[in-house]
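Letters A, B, ... are given to chains in the order of the sequence lines, protein chains preceding strands, and every chain is numbered from 1. Here the structure is a predicted model, which means the values were calculated and not measured.
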Number of protein chains: 2
Amino acid sequence: MEDKWENMIKAMEAKGIRMTAQRKMIAKVFSFSAGFVLPRQIHSFISESFPGASYDTVYRNLRLLVDIGLIEQFNFNEGVRFKLKVNPDQHLHYFICTSCHRTYPLEFCPIENGIKPPESFKVMGHKFEVYGICGDCAD
Amino acid sequence: MEDKWENMIKAMEAKGIRMTAQRKMIAKVFSFSAGFVLPRQIHSFISESFPGASYDTVYRNLRLLVDIGLIEQFNFNEGVRFKLKVNPDQHLHYFICTSCHRTYPLEFCPIENGIKPPESFKVMGHKFEVYGICGDCAD
DNA sequence: TTCTCTGCAAATGGTTTGCATTGAC
DNA sequence: GTCAATGCAAACCATTTGCAGAGAA
């Protein structure tokens with residue numbers, strides 16, 4: 001997905017971030033990954049091009065990308081994972097394959113369905129995720 | 001909540017688990033905590049009665065209690081937290097106060113509302129959580 | 001040239017493990 | 001008395017930090 005990659009780099013440049021070769025590689029991982037990736041996977045990918053690449057660079061940039069809203073972080077039991085935000089402006093939930101960690105958008109949002117919070121509870125956010133096994137993993 | 005405590009101990013005994021003094025203390029923490037607790041908080045509580053209490057005992061027992069279904073684990077950004085299951089047989093979601101980590105049950109379950117998964121996606125589970133600030137924390 | 005970003009190395013914090021001892025049944 | 005649970009210490013793993021040097025603007 002060349003265009004995804006270019007869009008990501010453009011978005012980073014628009015934020016005034018310096019485009020290093022390592023950052024381009026990180027953007028590349030997210031542009032072709034259809035789901036959640038582990039920090040470890042990102043590190044081993046950029047290590048192919050940069051044998052001396054360090055973990056702290058990976059983590060620093062993941063935090064940066066979360067901060068500027070290009071990627072999102074999910075906390076699974078087995079560890080923290082990240083994925084590219086499909087469309088930063090659109091509110092979405094996901095079907096998540098627990099085998100390959102690919103995600104499939106889910107239009108339905110439960111928060112718009114007449115939920116009544118307890119007395120004087122101010123709703124700030126919510127999480128809705130559906131887990132399962134996708135067709136490709138079902139074998 | 002004496003009865004919560006006793007019920008928890010009974011449930012543990014029913015599983016054939018040996019009732020040590022440390023385990024009674026851990027059960028006590030959950031019986032009076034209205035929300036999520038950190039392993040660190042559990043450790044410091046049982047340390048009041050057992051100055052030499054160790055972290056590994058806390059973690060071992062948390063895993064045990066999750067395994068037998070008495071408590072549930074949630075992965076927050078700031079760390080892993082645990083809470084007593086209200087009713088092991090009832091399916092519930094929660095309003096979660098991000099300030100005090102107390103929880104309020106939420107009857108609505110989005111999964112029963114005509115969600116259509118992608119082609120041959122087998123749904124195995126789901127997560128629905130609403131975050132906000134509760135009345136007591138609003139000041 | 002300037003100032004951010006990187007790699008290194010070391011520190012950190014949470015969690016797990018092996019093993020000898022303690023203690024519940 | 002037996003076997004499971006504890007405490008200790010050390011290992012482990014993911015993540016973060018300080019700092020000097022490299023590299024983007």
Side-chain angles (χ1 to χ4, degrees), chain A residues 8-29 36-68 70-83 101, chain B residues 6 8-29 36-68 70-82 101:
Chain A
M8 217 178 149
I9 288 175
K10 270 182 205 146
M12 290 167 81
E13 281 171 339
K15 291 278 180 182
I17 289 169
R18 294 191 180 175
M19 282 314 305
T20 64
Q22 291 87 332
R23 282 178 175 161
K24 281 180 188 155
M25 283 299 110
I26 292 177
K28 185 148 269 186
V29 177
F36 290 102
V37 290
L38 295 164
R40 184 179 338 123
Q41 297 173 308
I42 295 160
H43 179 256
S44 64
F45 179 83
I46 68 174
S47 292
E48 287 170 18
S49 313
F50 301 89
S54 62
Y55 262 101
D56 40 296
T57 295
V58 171
Y59 282 108
R60 272 188 290 238
N61 284 306
L62 286 174
R63 266 179 286 158
L64 176 74
L65 291 173
V66 168
D67 285 348
I68 67 176
L70 281 184
I71 64 175
E72 45 194 333
Q73 175 179 340
F74 279 63
N75 306 304
F76 290 94
N77 284 344
E78 339 86 56
V80 177
R81 286 177 180 266
F82 298 85
K83 78 180 288 294
H101 292 94
Chain B
E6 281 162 16
M8 216 178 149
I9 289 175
K10 270 182 206 145
M12 290 166 81
E13 281 171 339
K15 292 279 177 180
I17 290 169
R18 294 192 180 173
M19 281 315 305
T20 63
Q22 291 87 333
R23 281 177 175 161
K24 282 180 188 154
M25 283 299 110
I26 293 176
K28 185 149 270 188
V29 177
F36 290 102
V37 290
L38 296 165
R40 185 181 336 126
Q41 297 174 309
I42 294 160
H43 179 256
S44 64
F45 179 83
I46 69 175
S47 292
E48 287 170 19
S49 314
F50 302 88
S54 62
Y55 262 102
D56 40 295
T57 296
V58 171
Y59 282 108
R60 272 188 290 239
N61 284 306
L62 286 174
R63 265 179 286 159
L64 176 75
L65 292 173
V66 168
D67 284 349
I68 66 177
L70 281 184
I71 63 175
E72 44 195 332
Q73 175 178 338
F74 278 64
N75 306 303
F76 290 94
N77 284 345
E78 340 85 57
V80 178
R81 287 177 179 266
F82 299 85
H101 292 94

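- Atom pair Ile26(A):CD1 and dT6(C):P shows a separation of 7 Å (rounding to whole Å applied).
- The interatomic distance linking Arg40(B) (CZ) with dT12(C) (P) rounds to 16 Å, in whole Å.
- When ring centroids are compared, Phe74(A) and Phe36(A) come within the 6.0 Å threshold.
- Across all non-hydrogen atoms, the minimal contact from Asn75(B) to Phe76(A) is ND2-C, 3.8 Å.
- Rounded to an integer number of Å, the gap from CG of Leu62(B) to C1' of dT16(C) is 13 Å.
- The phosphate of dT6(D) has neither OP1 nor OP2 within less than 4.0 Å of any side-chain N or O from Ser54(B).
- At dT6(D), one or more side-chain N or O atoms of Arg23(B) fall inside 4.0 Å of OP1 or OP2 (strictly under the cut-off).
- Met12(B) places its CE atom 14 Å from the P atom of dA24(C), with the value rounded to the nearest Å.
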Produce a footprint string for nucleotides 16-25 of chain D: one letter per nucleotide, 5' end first; B if the base is under 4.0 Å from any protein heavy atom, S if only the sugar-phosphate is, - if neither. BBB----BBS

Show me the side-chain donor-acceptor pairs of residues 42-49 of chain A shorter than 3.5 Å, one per line, residues at least two apart or across chains.
from     : atom 1 : to       : atom 2 : distance (Å)
His43(A) : NE2    : Ala53(A) : O      : 2.9
Ser44(A) : OG     : Arg40(A) : O      : 3.4
Ser44(A) : OG     : Gln41(A) : O      : 3.1
Ser47(A) : OG     : His43(A) : O      : 2.7

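- Closest heavy-atom contact between Met8(A) and Leu70(A): O-CD1, 4.0 Å.
- Spacing between atom NE2 of His43(A) and atom C1' of dC13(D) amounts to 14 Å, rounded to whole angstrom units.
- Distance CD (Gln22(B)) to P (dA24(C)): 8 Å, rounded to an integer number of Å.
- Spacing between atom CE of Met25(B) and atom P of dT6(D) amounts to 13 Å, rounded to whole angstrom units.
- The nearest whole Å value for the distance from the CG atom in Asn61(A) to the C1' atom in dT4(C) is 12 Å.
- Considering every non-hydrogen atom in both Pro39(A) and Val80(A), the closest pair reads CD-O, 3.4 Å.
- When every heavy atom of Leu64(A) is checked against every heavy atom of Ile17(A), the shortest pair comes out as CD2-CD1, 3.6 Å.
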